[in-house]
Colleague: 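A single structure is presented below for examination.
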Amino acid sequence: MKYLAKVYVTLKKSILDPQGRTVERSLHNQGYASVQSARVGKYIELTFEGDKAKIETELKDIAENILSNPVMESVHWDLEQVH
Amino acid sequence: MKTAVIQFPGSNCDMDAVHAAGAVIGQQAIPVWHTETHLEGFDAILVPGGFSYGDHLRSGAIAAHSPVMKEVKRLADKGVPVIGICNGFQILTEAGLLPGALGRNNSLHFLCHDVHLRVETTHSPFTNQYQQGQIIQIPIAHNEGSFYADAETLSRLEGEGLVAFRYVTRDGHEVLEGNPNGALNNIAGILNEKRNVLGMMPHPERSVEALLGSTDGLGVFESLLEHVAGGVK
């Protein structure tokens with residue numbers, strides 16, 4: 001079976017996100033007054049082939065220990081079967 | 001003193017570090033490629049600045065998982081002095097040898113200029129040749145140097161005197177204007193609990209000869225030599 005993992009990494013809420021703040025300010029400057037806030041993160045796609053339970057274990061390890069830094073970032077992911 | 005200077009793809013301050021820890025203080029400093037797994041026989045390890053793996057994923061994250069870092073960690077646990085400068089600091093935090101993390105500069109600008117630092121402790125293998133509270137001038141060159149740690153870690157670092165260098169103004173004031181990147185508590189460099197691992201964002205190896213405009217970074221290498229020679233613990 002083939003699987004696609006979509007991993008989303010964002011700075012923790014408590015951390016100043018200077019890129020997000022810059023985007024937010026720029027949008028306000030362009031007149032998009034209804035934008036409340038902007039945060040910038042990372043989106044990473046991984047494809048897998050094999051046993052789902054094993055992939056889930058590996059994906060958790062990869063996402064939490066390599067793709068994100070738990071000191072500053074939050075991470076979540078979706079895993080879906082693909083053909 | 002024999003110092004290993006670790007080279008990763010993208011390191012670019014490695015040869016400056018070899019020069020500072022070698023010729024300038026009359027010692028041996030040897031470049032070591034990141035695939036190496038044995039560093040036995042070295043008295044000190046230096047993880048230099050640069051852009052290991054192009055800063056992909058996060059600064060220092062990929063280098064932290066390279067083969068040599070297991071050996072660096074093993075020797076650090078045994079008490080061998082390890083210093084990470086700039087990208088080296090980022091690598092040491094990513095590898096778990098130092099607490100905290102380095103985030104984007106709050107200005108979002110790459111910063112490359114001299115800063116003033118206050119030496120916060122002389123009780124380390126890297127600072128024993130400075131005076132407590134001494135103000136030194138050395139350069140920074142980084143995009144992600146904003147030190148962050150959670151409140152508990154930060155208070156432990158402060159409480160145990162593990163902040164090695166702090167950004168200050170020329171006359172020693174610890175204020176916002178002296179802080180180039182938004183680092184919490186103006187932190188420019190920290191030590192691990194055992195005090196044998198130092199990470200710092202500024203570049204002492206770029207201020208070791210009068211020709212470079214300042215010799216204030218020399219103290220780091222002289223301290224290391226003094227420590228390894230057995231004079232100071």
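Note on naming: letters A, B, ... go to the chains in the order of the sequence lines (proteins, then strands), and numbering restarts at 1 for each one.
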Colleague: How long is the gap from CE on Met72(A) to CD on Glu144(B), to the nearest 0.5 Å?
Modeller: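 Interatomic distance, Met72(A) CE to Glu144(B) CD, rounded to 0.5 Å: 8.5 Å.
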Colleague: Heavy-atom count check: over 12 atoms from other residues, nucleotides or ligands less than 6.0 Å from Lys12(A) NZ?
Modeller: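 More than 12 heavy atoms, drawn from other residues, nucleotides or ligands, come within 6.0 Å of this atom.
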Colleague: Is the number of heavy atoms from other residues, nucleotides or ligands under 6.0 Å of Phe110(B) CZ greater than 12?
Modeller: yes
Colleague: Measure Ile66(A) against the heavy atoms of chain B and call it side chain, backbone, both or neither at under 4.5 Å.
Modeller: both
Colleague: Among Ala101(B), Ala61(B), Pro99(B), which residue forms the greatest number of heavy-atom pairs with chain A at distances under 4.5 Å?
Modeller: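 Sorted descending by pairs with chain A, the first entry is Ala101(B).
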Colleague: Assess whether side-chain contact (heavy atoms from CB on, under 4.5 Å) is satisfied between Asp150(B) and Val71(A), documenting all intermediate values.
Modeller: CA-CA 8 Å; Asp150(B) 60 39; Val71(A) 176; over 6 Å; no
Colleague: Is the number of heavy atoms from other residues, nucleotides or ligands under 6.0 Å of His38(B) NE2 greater than 12?
Modeller: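 Result for NE2/His38(B): open.
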Colleague: Which atoms of Asn106(B) come close to chain A, meaning under 4.5 Å heavy atom to heavy atom: side chain ones, backbone ones, both, or neither?
Modeller: both
Colleague: Looking at every non-hydrogen atom in both residues, tell me the closest pair between Lys42(A) and Leu57(B) and how far apart they are.
Modeller: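 Shortest heavy-atom contact: NZ-O, 2.6 Å.
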Colleague: Please evaluate residues Glu73(A) and Arg58(B) with respect to the criterion side-chain contact (heavy atoms from CB on, under 4.5 Å), reporting the C-alpha separation (whole Å), side-chain torsions for both, the decisive distance (0.1 Å), and the verdict.
Modeller: CA-CA 11 Å; Glu73(A) 293 169 330; Arg58(B) 293 179 305 283; 3.4 Å; yes
Colleague: Under 4.5 Å heavy-atom distance to chain A, tell me which part of Leu102(B) shows up: side chain, backbone, both or neither.
Modeller: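 For Leu102(B), the contact with chain A is made by the backbone alone.
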Colleague: Would you compute the distance between atom NE2 of His65(B) and atom CG of Asn65(A) and round it to the nearest 0.5 angstrom?
Modeller: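 Rounded to the nearest 0.5 Å, the NE2-CG separation comes out at 7.5 Å.
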Colleague: Does Glu152(B), at its CD atom, have more than 12 non-hydrogen atoms belonging to other residues, nucleotides or ligands within less than 6.0 Å?
Modeller: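 No.
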Colleague: More than 12 non-hydrogen atoms from neighbouring residues, nucleotides or ligands closer than 6.0 Å to NZ on Lys194(B), yes or no?
Modeller: yes
Colleague: Does Arg170(B) have more than 12 heavy atoms from other residues, nucleotides or ligands lying within 6.0 Å of its CZ?
Modeller: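 At most 12 heavy atoms, drawn from other residues, nucleotides or ligands, come within 6.0 Å of this atom.
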Colleague: Below 4.5 Å from any heavy atom of chain B, which atoms of Ile15(A) appear? Answer side chain, backbone, both or neither.
Modeller: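 Just the side chain, heavy atoms under 4.5 Å.
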